[in-house]
Structure formats: structure tokens, C-alpha cells
J.: 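The structure follows.
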Amino acid sequence: QSYNEGGWDYTTELRKFVDGGMTGTGFIDGVSGIVNRGCHNPPCGTGPVDGAWVRAQNFRKVLDALFDGSPPQVGSFPSSVVFQSDSGPS
């Protein structure tokens with residue numbers, strides 16, 4: 001399922017988060033807003049995100065656990081790279 005509303009595109013924001021060294025809370029804040037309130041920039045008329053600070057802290061704990069406190073160095077993919085879905089052989 002994709003999300004592209006009000007200039008915030010999930011895939012683009014994910015790539016920016018990864019390319020930027022997986023730091024900050026902007027990405028998880030946006031995703032939490034989408035899941036919890038239906039938009040990437042709450043309160044969106046429905047109120048603030050429940051537990052936003054705790055969500056951001058838990059997200060950081062998961063990343064630290066996955067990467068032993070040191071996220072891998074990553075580079076961005078050229079815009080010409082096309083990703084295929086996992087729908088089996090083509």
C-alpha cells in the first residue's frame with residue numbers, strides 16, 4: 001500500500017531516511033501519523049498521535065538492536081534503478 005499525500009511520499013521519505021544515516025525522528029513521526037491518524041503531519045483534524053515520543057524511542061531501539069548501535073553506511077540508488085515486486089518470476 002502506498003502513501004503519497006500533500007507532498008509526502010512514503011518511498012521517497014524512506015530513501016531519504018536511509019540515505020541520511022537513519023537519524024532523526026521525521027520519518028517515524030510521519031509514519032506514526034499515517035498509521036495512527038491517517039496523515040503524515042498530525043493533528044490532521046483528528047488529534048495528536050498517541051504516544052508519538054514513545055513510538056520514536058521504540059523505533060530507535062529497534063534500529064539500534066538490528067544494527068548493534070551502528071547503522072550501516074548506505075548509498076542512494078540511481079534514479080534509473082527499477083525495483084520489481086516479489087510476485088515471482090517474470
Side-chain angles (χ1 to χ4, degrees):
Q1 180 176 345
S2 64
Y3 179 92
N4 186 351
E5 298 289 329
W8 202 95
D9 175 68
Y10 175 82
T11 304
T12 301
E13 295 301 321
L14 174 60
R15 286 182 177 156
K16 287 194 310 192
F17 176 70
V18 171
D19 290 347
M22 294 186 256
T23 61
T25 62
F27 177 72
I28 189 60
D29 291 344
V31 171
S32 291
I34 294 165
V35 170
N36 191 254
R37 295 295 178 192
C39 72
H40 66 280
N41 58 349
C44 347
T46 59
V49 172
D50 295 324
W53 186 83
V54 173
R55 289 170 189 258
Q57 295 304 308
N58 288 337
F59 184 63
R60 175 53 45 202
K61 287 178 187 176
V62 168
L63 291 176
D64 287 345
L66 287 172
F67 300 115
D68 199 25
S70 220
Q73 297 298 312
V74 294
S76 60
F77 290 101
S79 59
S80 61
V81 172
V82 176
F83 294 96
Q84 294 182 357
S85 66
D86 256 350
S87 59
S90 51

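Values below: every heavy atom of this structure, side chains too, minus hydrogens, waters and symmetry copies. Computed from a prediction, not measured in an experiment: that's the story for all the values here. Just so you know, residue 1 is the first one in the sequence shown, and it goes up from there.
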J.: Is there side-chain contact between Trp8 and Ile34, with heavy atoms separated by less than 4.5 Å?
T.: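 When only atoms from C-beta onward are counted, Ile34 and Trp8 do touch, with a gap below 4.5 Å.
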J.: Report the residues that fulfil salt bridge (charged side-chain N to carboxylate O under 4.0 Å, His left out) with Asp64, sequence neighbours left out, ordered by chain and then residue number.
T.: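 Salt bridge (charged side-chain N to carboxylate O under 4.0 Å, His left out) list for Asp64, sorted by chain: Arg60.
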J.: May I have all residue pairs that pass disulfide (SG to SG under 2.5 Å) and include part of residues 4-64, sequence neighbours excluded?
T.: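 Passing the test, one end in residues 4-64: Cys39-Cys44.
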J.: Report the residues that fulfil ring-ring contact (aromatic ring centres under 6.0 Å, His included) with Phe27, sequence neighbours left out, ordered by chain and then residue number.
T.: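 Applying ring-ring contact (aromatic ring centres under 6.0 Å, His included) to Phe27 gives Tyr10, Phe17.
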J.: Flag yes if Val31 and Leu14 sit in one hydrophobic cluster, no otherwise; membership is Ile, Leu, Val, Met, Phe, Trp, Tyr, and two members link when side-chain heavy atoms are under 4.5 Å apart.
T.: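 In one cluster with Val31: Leu14, yes.
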J.: Determine the minimum heavy-atom distance between Pro42 and Gly47, stating which atoms define it.
T.: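 Distance-wise, the nearest heavy atoms are CB-O, 4.1 Å.
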J.: Enter the distance from Thr11:OG1 to Lys16:NZ here, rounded to the nearest 0.5 Å.
T.: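 Thr11 atom OG1 to Lys16 atom NZ measures 12.0 Å (nearest 0.5 Å).
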J.: Scan for salt bridge (Lys or Arg N to Asp or Glu O under 4.0 Å) pairs involving residues 35-46, sequence neighbours excluded, and state none if there are none.
T.: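 Residue pairs passing salt bridge (Lys or Arg N to Asp or Glu O under 4.0 Å), neighbours aside: Arg37-Asp50.
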J.: What heavy-atom pair brings Pro48 and Pro43 nearest, and what distance separates the two atoms?
T.: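 Answer, listing the atom of Pro48 first, then Pro43: N-CB, 4.0 Å.
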J.: Go through the steps to decide whether Asp29 and Arg55 satisfy the test side chain to side chain contact (heavy atoms under 4.5 Å, CB included), and finish with yes or no.
T.: CA-CA 8 Å; Asp29 291 344; Arg55 289 170 189 258; over 6 Å; no
J.: Check which hydrophobic residues are tied to Val54 through side-chain heavy-atom contacts below 4.5 Å, counting indirect links as well, and list them.
T.: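 Trp53, listed by chain and number.
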J.: Where is the tightest heavy-atom contact between His40 and Glu5, given as atom of each residue plus distance?
T.: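 What the structure gives for the nearest pair is CE1-O, 3.2 Å.
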J.: Checking Asn58 now: which residues fulfil side chain to side chain donor-acceptor pair (under 3.5 Å) with it, not counting sequence neighbours?
T.: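 Result, side chain to side chain donor-acceptor pair (under 3.5 Å) vs Asn58: none returned.
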